[in-house]
Engineer: 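Please read through the structure below; I'll follow up with questions.
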Amino acid sequence: MYMEKFVRMLRGQAFGVAIISCAVASFLFPAAFTSWGGVKLTSLVVPAVQLIMFGMGTTLTLGDFVRVAKCPWAVAIGVFLQFLVMPFAGFAIARLMGFSGELAVGCVLIGSVAGGTASNVIAYLAKANVALSVTMTCCSTLISPFLTPLLMKTLAGQFVEIDVVKMMIEILKVVL
């Protein structure tokens, strides 16, 4: 009786339970998450991300993007806030926690980069507007080669030297 209720309760939480279980397992047994049968699991990251994005893309229709196009302000505000709130939050956390050097730069960098697959997956799992999330990710990715280096120079440049032009070129290579 109690086990049946417990299983029913867990059914709605399966994804969260799976994530927590994998996190605990990877912490306790890190070697199991680095290679299998001589194959480095890092080589599977790009194909896995591509598969996830393709899967989410198949759930979207042209009508979803038409609805997003009818309210471009939602995209503009989302992208603007992403490049305003997130980098400054990273900077504030680095300052409040007393981080210096690479740790502080890492905090700022995490906040300064464009959204990615994870944000789209969370939007999908939350049954949110995935088309809006994908559109915002696309827009922020396209402007990130310019905004990320400038934000890094402005905020992280207080901790280490930042070469804006070199960073722009490297991000452009990744994006293109």
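Along the sequence shown, residues carry numbers from 1.
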Engineer: What pairs with Glu102 under side-chain hydrogen bond (donor to acceptor under 3.5 Å, both in side chains), at least two apart in sequence or on another chain?
Structural biologist: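 Once residues adjacent in sequence are excluded, Glu102 has no partner under the side-chain hydrogen bond (donor to acceptor under 3.5 Å, both in side chains) criterion.
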
Engineer: Can you tell if the side chain of Lys70 reaches within under 4.5 Å of the side chain of Phe65, non-hydrogen atoms only?
Structural biologist: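 In short, these two side chains do not touch, never coming nearer than 4.5 Å.
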
Engineer: Test side-chain contact (heavy atoms from CB on, under 4.5 Å) on Met152 and Leu109; report intermediate values, then the result.
Structural biologist: CA-CA 7 Å; Met152 288 298 292; Leu109 182 61; 3.8 Å; yes

Engineer: Do other residues, nucleotides or ligands put more than 12 heavy atoms under 6.0 Å from Phe99 CZ?
Structural biologist: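 Atom CZ in Phe99 is crowded, with more than 12 foreign heavy atoms closer than 6.0 Å.
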
Engineer: Go through it in stages, so that I can follow the logic: the residues are Met86 and Leu81, the test is side-chain contact (heavy atoms from CB on, under 4.5 Å), and I'd like the CA-CA distance, side-chain angles, deciding distance and then a yes or no.
Structural biologist: CA-CA 8 Å; Met86 297 293 289; Leu81 289 174; over 6 Å; no

Engineer: Which heavy atom of Ile93 sits nearest a heavy atom of Cys107, and at what distance?
Structural biologist: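 What the structure gives for the nearest pair is CG2-SG, 4.1 Å.
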
Engineer: Calculate, to the nearest 0.5 Å, the distance between atoms CD1 and CE belonging to Ile169 and Met167 respectively.
Structural biologist: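 Separation between the atoms: 12.0 Å.
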
Engineer: Can you sort out the partners of Ser43 under side-chain hydrogen bond (donor to acceptor under 3.5 Å, both in side chains), two or more places apart, ordered by chain and number?
Structural biologist: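 If we apply the side-chain hydrogen bond (donor to acceptor under 3.5 Å, both in side chains) test to Ser43, skipping adjacent residues, there are no hits.
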
Engineer: If you round to the nearest 0.5 Å, how far is OH of Tyr124 from CD1 of Ile52?
Structural biologist: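 Interatomic distance, Ile52 CD1 to Tyr124 OH, rounded to 0.5 Å: 12.0 Å.
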
Engineer: Can you tell me how far CD1 of Ile122 sits from OG of Ser119, rounded to the nearest 0.5 angstrom?
Structural biologist: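 Ser119 OG to Ile122 CD1: 8.5 Å, rounded to 0.5 Å.
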
Engineer: Of Val113, Leu151, Leu150, which is the lone residue that meets side chain to side chain contact (heavy atoms under 4.5 Å, CB included) with Phe83?
Structural biologist: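 The passing option is Leu151.
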
Engineer: Are any side-chain N or O atoms of Thr148 and backbone N or O atoms of Ser112, one a donor and one an acceptor, separated by less than 3.5 Å?
Structural biologist: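 Indeed, once roles are kept as given, a pair shorter than 3.5 Å links the two residues.
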
Engineer: Same cluster or not: Ile77 versus Phe80, using hydrophobic residues (I, L, V, M, F, W, Y) connected whenever any side-chain heavy atoms lie under 4.5 Å apart?
Structural biologist: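 Yes, it is one cluster - the side chains of Ile77 and Phe80 are joined through contacts under 4.5 Å.
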
Engineer: Hey, mind stepping through Ile143 and Val79 against side-chain contact (heavy atoms from CB on, under 4.5 Å) and telling me if it holds?
Structural biologist: CA-CA 9 Å; Ile143 63 175; Val79 171; 3.5 Å; yes

Engineer: Linking I/L/V/M/F/W/Y whenever any side-chain heavy atoms sit under 4.5 Å apart, do Ile110 and Ile162 land together?
Structural biologist: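 No, it is not one cluster - the side chains of Ile110 and Ile162 are not joined through contacts under 4.5 Å.
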
Engineer: side-chain hydrogen bond (donor to acceptor under 3.5 Å, both in side chains) with Thr141: which residues, sequence neighbours excluded?
Structural biologist: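 Thr141 satisfies side-chain hydrogen bond (donor to acceptor under 3.5 Å, both in side chains) with no residue once adjacent residues are dropped.
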
Engineer: At their closest point, which heavy atom of Met168 faces which heavy atom of Pro145, and how far apart are they?
Structural biologist: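 Here Met168 and Pro145 meet closest at CG-O, 3.0 Å.
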
Engineer: Closest heavy-atom contact between Ile171 and Ser144?
Structural biologist: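 Closest approach of Ile171 to Ser144: CG2-OG, 4.0 Å.
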
Engineer: Out of Val134, Val130, Asn129, which one pairs with Val68 under the side chain to side chain contact (heavy atoms under 4.5 Å, CB included) rule?
Structural biologist: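 The passing option is Asn129.
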
Engineer: Could you check whether any side-chain heavy atom of Lys40 comes within less than 4.5 Å of a side-chain heavy atom of Thr34, counting everything from C-beta outward?
Structural biologist: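 When only atoms from C-beta onward are counted, Thr34 and Lys40 do not touch, as no gap falls below 4.5 Å.
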
Engineer: Could you walk me through whether Phe27 and Phe33 pass the side-chain contact (heavy atoms from CB on, under 4.5 Å) check?
Structural biologist: CA-CA 9 Å; Phe27 180 73; Phe33 293 85; over 6 Å; no

Engineer: For the residue pair Leu132 and Ala74, what are the closest heavy atoms and their distance?
Structural biologist: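 Reported closest heavy-atom pair: CD1-CB, 4.1 Å.
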
Engineer: If hydrophobic clusters are built by linking Ile, Leu, Val, Met, Phe, Trp and Tyr wherever their side-chain heavy atoms come under 4.5 Å apart, do Val108 and Leu84 end up in the same one?
Structural biologist: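 Looking at the clustering, Leu84 is in the same group as Val108.
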
Engineer: Looking at every heavy atom in both Phe159 and Ala94, which two are closest together, and how far apart are they?
Structural biologist: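 Taking every non-hydrogen atom into account, CZ-CB, 4.4 Å.
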
Engineer: Do Val165 and Leu147 share a hydrophobic cluster (ILVMFWY, side-chain heavy atoms under 4.5 Å, transitive)?
Structural biologist: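 Per the 4.5 Å side-chain linkage, Val165 and Leu147 are not co-clustered.
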
Engineer: Return the minimal non-hydrogen interatomic distance between Val164 and Lys153, and the atom names on each side.
Structural biologist: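 Minimum heavy-atom separation between Val164 and Lys153: CG2-CB, 3.4 Å.
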
Engineer: Answer yes if Phe91 and Val85 sit in the same cluster of Ile, Leu, Val, Met, Phe, Trp and Tyr residues linked by side chain heavy atoms under 4.5 Å apart, and no otherwise.
Structural biologist: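 As far as the 4.5 Å side-chain criterion goes, Val85 and Phe91 are connected within one cluster.
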
Engineer: How far does CG of Asp64 sit from OG1 of Thr59, to the nearest 0.5 angstrom?
Structural biologist: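 Taking CG in Asp64 and OG1 in Thr59, the distance rounds to 7.5 Å.
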
